[in-house]
2 protein chains.
Amino acid sequence: MPTIKDVALKAGVSATTVSRVLNNRGYLSEALKQRVYSAMEELNYRPNELARSLSRSRSNIIGLIIPLVSLPFFSVLTSYIEQHAYLNGYKLLLCNSQQDKIKELEYIDMLRSSRVDGIIMGSHTLEVEAYRQMNLPLVTFDRQISPGIPYVCSDNYTGGQLATTLLIEKGCRKLAHIGGHPELNLLSNLRYKAFVETARQAGIWHTSLHTDNNSFDVLAYERLLEQLFREHPGIDGIFAGSDLIAAYALKACRESGRRVPADVRIVGYDGTALCSLNHPSITTIRQPMEDMGRLAVELILKQVEGMSVPSANILPVKLQEGSTT
Amino acid sequence: MPTIKDVALKAGVSATTVSRVLNNRGYLSEALKQRVYSAMEELNYRPNELARSLSRSRSNIIGLIIPLVSLPFFSVLTSYIEQHAYLNGYKLLLCNSQQDKIKELEYIDMLRSSRVDGIIMGSHTLEVEAYRQMNLPLVTFDRQISPGIPYVCSDNYTGGQLATTLLIEKGCRKLAHIGGHPELNLLSNLRYKAFVETARQAGIWHTSLHTDNNSFDVLAYERLLEQLFREHPGIDGIFAGSDLIAAYALKACRESGRRVPADVRIVGYDGTALCSLNHPSITTIRQPMEDMGRLAVELILKQVEGMSVPSANILPVKLQEGSTT
DNA sequence: TTGTATGCGTTATCAA
DNA sequence: TTGATAACGCATACAA
């Protein structure tokens, strides 16, 4: 691969000048610029980002740690994060923790070694200490791991309220919530909290089921739903922790001969494409995923530039009515 | 951040020795090793991968170019690729081309500049020239862009045969295929080819609809299905180009009052989680996605190490019967 | 407006 | 067995 020296030689200038042209710094005559550009062209020259990063001590790479890209919510989020990183000239290093603490810790090390400029983390393991220690721009999703560290999330409590209120208004009298493990100190637990409080205030019977581990185990959802209908056959309203769970709820209703929304009404959370893929389409609480992705990137960039950023970044949700309510 | 020199100073050795310990090269006494290790520990030292990469001219990064991570197939594939890259000590740079030629070309440049060790590309734009030119380990998915460049794909033709044969065996007499744009020189077009040839040989009426652009536009699928049922109301068997399309087909059947599988039978392709999420669960042609991801990574690594690799890497598919047939 | 010298953090080539 | 020195490719302070 040709280096800046090769270009300099061919253009008949010094390496410094080529560097200047490359970075558009200082005063350069148009003629000289052209000469350098065509030399680059001829040699098919590409600046070595490794060397640039090393020299500038800035890599223009953002590390993204998530539990599982293959989950609808995270794949969409990843897509938006990539999009906005790209728009800002940043590259994205993808770290799929797979809910594995060891892997996550190793990835944190890898990212530090790779001198990424910042880390966006949407992973849900309990290893928060490792994040606190590293002195790097950081943004988290749905998780407040330390007072100073900025987080992005949707308005989980309002979302929970909207969903529960809708179910009650539609006439549901036996409500169920199905979600992930509540002991994790996630902000999404506020959805559950809102569910409980809203139902209680309205004097509506309600129950709740959660996966007992920290995995997004699909089979766990199926088991949970089976258990729900077995223990409480009269359930007529379900608030699911995600669209994915909602889709499983819909499936479980069908399999047990329950009509949706006649017998059971269902509300999901997220607003992924899963909702409109189903028939009836799933009513959900839509998170502004693109805004969340964009904001996460922006918060990193601002920190990189030494600016201070707000800690709480709570974005509004919107009830998106489908046909399951 | 502490450097190798800081560690050397603290351990009372030279930087070279620290480097040796780091890379476990040469003869080192256990005592010395320990001294260096604890110095690293104390300083919370992390080797600078940028400098290492520059020095070794090897980045241990693989670039992944795909059209859209948020699509089920690609998010699962990405997940497996990440997994196996990680297992081999490689990092993954995620490039979402979004079917945008400009963006894809810019990403190719970025990856070259970043000195990635290889590129896995599952993108579907037509810019193959750019890939041919760059002299880098490359592996493609479902696309043969040049005789010498290795590609990974499932056995598309057999998959198309299996699907079509199943529909016919189940009694379907008016078949439809719905897929992406066939002008793209994709290997997945073999599914379509198999569909046509199998139906023709069996003397079964068949038609086919394709999106006219290169996008994975969800609305396009809905329009296509609407058109299909309008023009050919008697369709009783659909072979979809992906599970996603199959899911839309299922939805379209429901919305138009068609029973599945009684009135219309559906077969998808891929074997993503979408299949089991639906009710009835979707019959599909399962691609060995993990194998494909693992193989793509392996083919890159082998090329990095100067080994020659086979050009055609066609993996077997499997009919996975759900309840839509 | 352009060039020289030095540093970024690491590895590799010598020599001791 | 260890260390000094020169690359790796680029950016920047300083000189001219």
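These values consider heavy atoms only, across backbone and side chains, with no hydrogens, waters or symmetry-generated copies.
If one axis is set at each end of the helix from C:dT1-D:dA16 to C:dA16-D:dT1 from five pairs, those axes are 40° apart, to 10°.
Although no hydrogens or angles enter the test, the distance criterion places no donor-acceptor pair under 3.5 Å between the side chain of A:R46 and the main chain of B:S113. Using modelled atom types, one side-chain atom of B:S75 and one backbone atom of B:P72 make a donor-acceptor pair closer than 3.5 Å. Counting only distance, with no hydrogens or angles, the side chain of A:N88 and the backbone of A:H84 share a donor-acceptor pair below 3.5 Å. Looking at B:N156, its side chain does come within 3.5 Å of a backbone N or O of B:S154 through a donor-acceptor pair. Judged purely by atom type and a 3.5 angstrom limit, B:S38 uses its side chain to pair as donor or acceptor with the backbone of B:R35.
Between B:D6 atom CG and C:dG9 atom P there is a gap of 9 Å when expressed in whole angstrom units. Atoms CE (B:M40) and P (C:dT10) sit 9 Å apart, rounded to a whole Å. What separates CZ of A:R58 from P of D:dT12 is a distance of 11 Å, to the nearest Å. In this entry the distance linking CD1 of A:I4 with C1' of D:dA11 reads 8 Å, nearest Å.
Distance CE/A:M121 to CD1/A:I145: 4.5 Å, rounded to 0.5 Å.
Within residues 20-37 of chain B, the residues that have a heavy atom under 4.0 Å from DNA chain D are, in order of number, B:R20, B:Y27, B:L32. Residues of residues 107-118 of chain A that place a heavy atom closer than 4.0 Å to DNA chain D do not occur.
Taking for each of B:R52 and A:S14 the nucleotide of DNA chain C with the nearest heavy atom, the 5'-most of the two is the partner of A:S14.
By the side chain to side chain donor-acceptor pair (under 3.5 Å) test, B:R115 is found to be paired with no residue, residues two or more places apart in sequence or in another chain being considered. For A:D117, the side chain to side chain contact (heavy atoms under 4.5 Å, CB included) partners two or more places apart in sequence, or in a different chain, are A:R58, A:S59, A:N60, A:Y90, A:V304.
Nucleic acid contact class of B:V13 (heavy atoms, under 4.0 Å, all strands): sugar-phosphate only.
Between A:E298 and A:R294, at least one side-chain N (NZ, or NE/NH1/NH2) sits under 4.0 Å from a carboxylate O, which counts as a salt bridge. Between A:K103 and A:E106, none of the side-chain N atoms (NZ, or NE/NH1/NH2) sits under 4.0 Å from a carboxylate O, so this pair counts as no salt bridge.
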Using the 3.5 Å cut-off, write out each protein N or O paired with an N or O of nucleotides 5-8 of chain C and the distance between them.
unit_1: C:dG7; atom_1: N2; unit_2: A:S55; atom_2: OG; d: 3.3

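Inter-residue side-chain proximity for A:L64 and A:E82 is flagged as unmet; no heavy-atom pair is nearer than 4.5 Å.
Phosphate contact (OP1/OP2 of D:dT2, side-chain N/O of B:T17, threshold under 4.0 Å): absent.
Between A:T17 and A:S14, the side chains place a donor N or O and an acceptor N or O closer than 3.5 Å (distance only, hydrogens not considered). A side-chain donor-acceptor contact under 3.5 Å links B:N96 and A:S79.
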